S.K.: 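Okay, handing you the structure first.
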Amino acid sequence: MSDKRTADAIIVGGGVHGAAAAYYLKKAGVKDVVLFEKEYLSSGGSGRSAAGLRQHFGTEVNCRLAKYNLECFPTLEEELGGEHKLEFAQWGYLWVAYSQESMTQLEKNVKLQQSLDIPSETLSPQEMKRRWSYLNVDGMIGAAFCGKDGHINPHALTMAYGRAAEKLGAKVLTYSPVDKLLASGNKITGVVAKGEEWSAPRVLLTAGPWSTPLAATIGLDLPVTAERHNLLVTEPIEPFNCPMTLCLDDGAYFKQVPNGSFFFGRDDQDEPKTMESGNSAKFLEGVTKSVLQRIPFLKGVRIVHQWSGPYDVTPDHQAIIDWTPVEGLWTNCGWSGHGLQFGPSGGRLAKEMFFGEKTFVDIHNFRLSRFAEGDLFPEPAFI
Ligand SMILES: Cc1cc2nc3c(=O)[nH]c(=O)nc-3n(C[C@H](O)[C@H](O)[C@H](O)COP(=O)(O)OP(=O)(O)OC[C@H]3O[C@@H](n4cnc5c(N)ncnc54)[C@H](O)[C@@H]3O)c2cc1C
């Protein structure tokens, strides 16, 4: 890396997608890669995520990418140097349905997953009770389950990608906000970061919901908005066989992480549409009620922490992975509530796009122009 403020590729945003892209680009031999992060790596949605890993999606492209992610995770800690313990655990992921409509959707998703060799299955309430006796299955119609899904530590994952990229020679500049993008005519030329100009022929936007104001600095409109989502963390209790359990009907979920703590989360559309963090008591009350109804066993376990972070939401809850109309500028953002786990596939796609290679999965449906064309591509398995 020279001292000059030039690069072959600049990456804006040090969440899991920016850090993974830096790693994949360096691993493929790109010479000068510079990643700008306005705070610390994983300080955005990535570090605030529940970090559930799943192959349960209802669109083929997400299933294929999710399958690749799950192929990477078992050996990723070692691949990235072993400095960061990723806490990868395959405790499974369970989607429960209380309405026939939700169950019909889960069945459809599972059929698609099975056609792609994803080992998911549908379960009756009786079967759920047999496998997880602590579950209160009253009112449940059924569920979808994949035992290969699970959990990872989101900070460690992001840091591990960033560190591995650095070791390969990437410049990872934390506490270095990009003030604006730079373009000349219809071509990207670089960025201004902390008042200094950096030039590069290629710039990748992986700034989550902040991608929208950044793109606007060169007049580009991205339909990515922020939604605040909260999470509760309990004191640790003895780990037991508890898959991440999520209800499609009310968007509430719970999971145990390897240190024994439980995470509780819930979709609450009354939360402010903001990138700023902040907590609400309404969330705390609502999520506790939903979760304890499903796992009464946790009554009395103390809540020790509540945090929030932004989802970067698009109108169809699908990512935007595409070259923009500004030559040299490409995006990987808009992952809504499921982007953490797509770090490996997002990084690989960034590298393939950089080199103009055929992408390993067809990502046509993630194109930016779908919004202007009115050709949305909704993901049915989102919260
Ligand atoms: C409560 C919650 C629960 C979630 N649960 C899950 C889950 O179970 N599974 C899952 O897969 N996903 C989950 N997600 C979603 C997931 O966190 C995101 O989809 C994913 O982390 C997005 O990663 P990213 O790298 O694209 O963006 P981010 O992690 O948001 O990274 C963007 C980065 O850009 C930086 N940035 C912003 N502006 C600038 C600037 N001007 N200059 C430089 N840097 C800048 C930010 O500081 C930030 O670090 C959850 C999210 C939340 C909030």
Side-chain angles (χ1 to χ4, degrees), residues 10-22 34-54 56-57 62 65-66 69 93 149-152 154-155 157-158 161-162 172-181 191-194 203-215 217 224 226-233 244 246 251 253-255 257 263-268 271 275 277 279 283 287 306-314 317 319-321 331-347 350 382-383:
I10 285 177
I11 300 168
V12 186
V16 72
H17 284 282
V34 181
L35 184 157
F36 290 97
E37 164 50 50
K38 77 177 168 64
E39 292 180 41
Y40 54 92
L41 294 185
S42 85
S43 57
S46 294
R48 287 148 195 279
S49 118
L53 313 176
R54 60 172 157 112
H56 186 98
F57 286 93
N62 280 337
L65 295 176
N69 300 332
Y93 205 120
D149 295 351
H151 165 82
I152 203 150
H155 289 286
L157 176 64
T158 309
Y161 271 127
V172 176
L173 303 176
T174 54
Y175 297 96
S176 300
V178 166
D179 311 320
K180 59 178 183 174
L181 305 181
V191 302
V192 176
K194 290 170 96 174
V203 173
L204 172 62
L205 253 187
T206 50
W210 295 271
S211 302
T212 305
L214 280 162
T217 62
V224 179
E227 265 182 20
R228 189 175 88 182
H229 284 256
N230 288 246
L231 216 103
L232 288 187
V233 184
M244 176 141 174
L246 184 147
Y253 60 86
F254 58 89
K255 69 183 280 191
V257 298
F263 287 2
F264 297 177
R266 184 167 181 255
D267 180 34
D268 183 348
E271 283 288 307
M275 300 173 222
S277 50
N279 298 314
F283 166 80
V287 75
Q306 178 171 352
W307 73 62
S308 72
Y311 280 13
D312 48 337
V313 178
T314 61
H317 298 94
I320 305 172
I321 308 177
T331 63
N332 174 4
C333 57
W335 281 99
S336 300
H338 52 261
L340 188 273
Q341 63 207 292
F342 286 93
S345 47
F382 79 93
I383 52 151

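When reading the values below, keep in mind they use all heavy atoms of this one structure, side chains included, and skip hydrogens, waters and symmetry mates. Atoms within a ligand are numbered from 1 in the order they appear, just like the ligands themselves. Computed from a predicted model, the values in this text were never measured in an experiment.
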S.K.: Considering only protein heavy atoms, which is closest to atom 4 (C) of ligand 1, and at what distance to one decimal place?
M.R.: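 Of the protein heavy atoms, Ala50 N, 3.3 Å lies nearest.
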S.K.: Examine His17 against ligand 1 and note whether any of their N/O atoms are separated by less than 3.5 Å.
M.R.: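 Checking ligand 1 against His17, an N or O pair does fall under 3.5 Å apart.
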S.K.: Determine whether the side chain, the backbone, both or neither of Val178 has a heavy atom under 4.0 Å from any heavy atom of ligand 1.
M.R.: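 The answer is both.
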S.K.: Tell me whether the centres of the aromatic rings in Phe57 and Phe342 are closer together than 6.0 Å.
M.R.: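 Yes, ring centres under 6.0 Å apart.
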S.K.: For atom 43 (C) of ligand 1, what is the closest protein heavy atom, and at what distance to 0.1 Å?
M.R.: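 Heavy-atom neighbour on the protein nearest atom 43 (C) of ligand 1: Lys38 N, 3.3 Å.
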S.K.: Would you call the rings of Tyr40 and Tyr175 parallel, tilted or perpendicular, where under 30° means parallel and over 60° means perpendicular?
M.R.: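 Taking Tyr175 first and then Tyr40, their aromatic rings sit tilted (interplane angle of 30° to 60°).
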S.K.: Counting only heavy atoms, which portion of Ala51 has something under 4.0 Å from ligand 1: side chain, backbone, both, or neither?
M.R.: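 Answer for Ala51: backbone.
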S.K.: What residue and atom, counting heavy atoms only, is the protein's closest point to atom 13 (C) of ligand 1, and at what distance?
M.R.: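 Nearest protein contact, heavy atoms only, for atom 13 (C) of ligand 1 is Gly337 O, 3.0 Å.
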S.K.: Examine Trp335 together with His317 and report whether their ring centres are nearer than 6.0 Å.
M.R.: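 No, ring centres 6.0 Å or more apart.
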S.K.: Using a heavy-atom cut-off of under 4.0 Å, does the side chain or the backbone of Thr206 touch ligand 1, or both, or neither?
M.R.: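 Answer for Thr206: backbone.
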S.K.: Between Gly52 and ligand 1, is there a nitrogen or oxygen pair with a distance under 3.5 Å?
M.R.: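 Yes, Gly52 has an N/O under 3.5 Å of an N/O on ligand 1.
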S.K.: Is there a donor in the side chain of Thr206 and an acceptor in the side chain of Asn332, or the other way round, less than 3.5 Å apart?
M.R.: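 No, no side-chain donor-acceptor pair sits under 3.5 Å.
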